[in-house]
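Start at 1 and go down the list; that is how both ligands and their atoms are numbered. Hydrogens, waters and symmetry mates play no part in the numbers below; they use all other heavy atoms, side chains included.
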Amino acid sequence: MTDTLAPTTSAVVQERRVVTAIPGPKSQALHERRLKVVPVGVTAALPVYIERAHGAILVDVDGNQFIDLGAGIGVTTIGHTDDAVVAGATEQLEKLTHTLFTITPYEGYVRVAEYLAAHTPGDFAKKTVLVNSGAEAVENGVKIARKYTGRNGVAVLEHAYHGRTNLTMAMNFKASPYSLGFGPFAGDVYRAPNSYPYHDGLSGADAAARTISYLEKTVGAADLACLVVEPIQGEGGFQVPADGYLPALQAWCTANGIVFIADEIQSGMARTGKYFASEHFGLVPDMVLSAKGIAGGLPLAGVTGRAEIMDSAQPGGLGGTFGGNPVSAAAAIAVFEQIEQKNLLAEAVRIENALKGALLELQKKYPVIGDVRGIGAMIAIELVQPGTHEPNAAAVSAISAFAAQKGVLLLTAGTYGNVLRFLPSLAISNELIAEAVGVIDEAFASL
Ligand SMILES: *Cc1c(COP(=O)(O)O)cnc(C)c1O
């Protein structure tokens, strides 16, 4: 039936299989080696060492197979080692791996920029700069917004996460672990209350009025270059803002000459059943940041914005050695083609129906599940002390540890560490979802 020693990744049978203790002996040996040479600041949520993967299954060095509900934090969105991504990247690898786009350009970069212009919201001329990571995209988005507006202020929201570089550390909500002790930090960053319906109970209009009033009091609209928002917050816990919240913020930005930047690094690239989550809220951002899912696991990120904003940066002001690497660009082109050819937006909706429905059933059984939320293949449950909205991080740790032992990889999130997030690849079958939820059900029963 199954053959875990098969030579190619596409031979990875899409099934869960636990054949050793987790982590197994080979993983444990690798972990010993790692601890000697990799700093503790770089953690491992689950120290099983992965040898290969395909679709929604990770295979570790001991032959265990995990149902992957994290996709490397929403990166292998169209599935691990997707055949078209592997083919596109392999072909490119043999032809050209680097020139530096700002020295002698190549077509792949231009095609990715064309795809982003076509698929980000808004029917106007757009331009894209490609970089290497999400944080670098945030840095560039802010930099360009400052140049365009001639202003310094950067507004962000509570519970936001934007990266680990110096500027983005200053933009994150959570100090520990992201910025504790790593200062001094970039200035002119202003953090406003967000919309978090489960906790604040505010309508979108009321939450927006609170955010706007806060920013007008503490900075003043005239000093703000940009407002950076995640349409659905990622690390913060998948907060889906109340209806009308984001459009009201965008309208205020437009009225005040503030560049409205959607950080779609986690929520974008078909994850929520639209190319970009902004579409669910009727947003047309001035700038959209993409990364994570854009290149099927290869490093690539983009800043896509209104042409007149993007062109405010002087020649030579944007770029970087590896930005828009030809192999990453080829992988991204394959991702865009696969989203279209396999109608993957519909797969995200299928996953939402299967997964959210099952989690809502679990919520009826287990009062520790306070909230079930999210859109498409970006779903979370917030765990609380039963009968309250008080965070229950211990339950999150217990559930994810139990699931790992049974071959289900679950990610955590949330400012208080009390959110379980589900970011499966769009290749996951309903059968694997049901099986994973069965394990999670057992995990809750064991609490
Ligand atoms: C992951 C993430 C980032 C940072 O991306 P890196 O590639 O890790 O630098 C920024 N914003 C959001 C919303 C993210 O999820």
Side-chain angles (χ1 to χ4, degrees), residues 41-45 70-77 120 129-143 145 154-174 177-179 182 186 189 191 194 196 226-241 246 260-272 276-278 280-281 283 285 287-304 320 322-325 328 331-332 335 374-380 411-415 419 421-423:
V42 183
T43 53
I73 314 196
V75 169
T76 53
T77 300
T120 48
V129 54
L130 295 177
V131 291
N132 303 295
S133 70
E136 205 187 343
V138 177
E139 293 262 356
N140 277 278
V142 169
K143 170 171 143 177
V154 175
V156 293
L157 297 178
E158 287 179 353
H159 304 287
Y161 177 79
H162 298 293
R164 283 183 167 91
T165 56
N166 185 266
L167 173 63
T168 56
M169 281 192 291
M171 294 168 68
N172 294 339
F173 183 62
K174 205 169 165 177
Y178 303 125
S179 58
F182 298 147
V189 176
R191 183 172 299 110
N194 71 339
Y196 194 160
C226 57
L227 168 64
V228 187
V229 302
E230 300 157 83
I232 300 172
Q233 291 183 318
E235 306 304 300
F238 288 18
Q239 291 86 337
V240 180
L246 292 172
F260 184 81
I261 303 179
D263 178 347
E264 292 252 19
I265 289 165
Q266 196 158 152
S267 59
M269 293 305 298
R271 172 62 48 198
T272 66
F276 290 93
S278 287
H280 291 290
F281 306 102
L283 298 177
M287 217 185 259
V288 172
L289 311 178
S290 32
K292 291 196 163 84
I294 193 171
L298 277 81
L300 188 71
V303 181
T304 304
F322 292 118
N325 170 272
S328 295
V335 168
I375 303 179
M378 187 171 185
I379 305 290
L411 301 182
T412 63
T415 297
V419 174
R421 61 174 147 174
F422 302 82
L423 285 167

Less than 4.5 Å apart, side chain to side chain, heavy atoms only: is that true for [X] and [Y]?
{"X": "Phe238", "Y": "Met378", "value": "yes"}
{"X": "Ile232", "Y": "Phe281", "value": "yes"}
{"X": "Leu283", "Y": "Phe260", "value": "yes"}

Interatomic spacing from CD1 in Ile379 to CZ in Arg421 - rounded to 0.5 Å: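 Result: 13.5 Å between the selected atoms.
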Are more than 12 heavy atoms, taken from residues, nucleotides or ligands other than Phe322, located less than 6.0 Å from that residue's CZ atom?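 Counting other residues, nucleotides and ligands, CZ of Phe322 stays at 12 neighbours or fewer.
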Checking the side chain of Glu264 only, and the main-chain atoms of Ser278 only, is there a donor and an acceptor separated by less than 3.5 Å?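 Yes, because the side chain of Glu264 sits within donor-acceptor range (under 3.5 Å) of the backbone of Ser278.
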Hey, what polar pairs (N/O, under 3.5 Å) does ligand 1 make with protein?
residue	atom	partner	partner atom	Å
ligand 1	7 (O)	Gly134	N	2.7
ligand 1	9 (O)	Gly134	N	3.4
ligand 1	9 (O)	Ala135	N	2.8
ligand 1	11 (N)	Tyr161	O	3.3
ligand 1	11 (N)	Asp263	OD1	3.4
ligand 1	11 (N)	Asp263	OD2	2.7
ligand 1	15 (O)	Gln266	NE2	2.8
ligand 1	15 (O)	Lys292	NZ	2.6

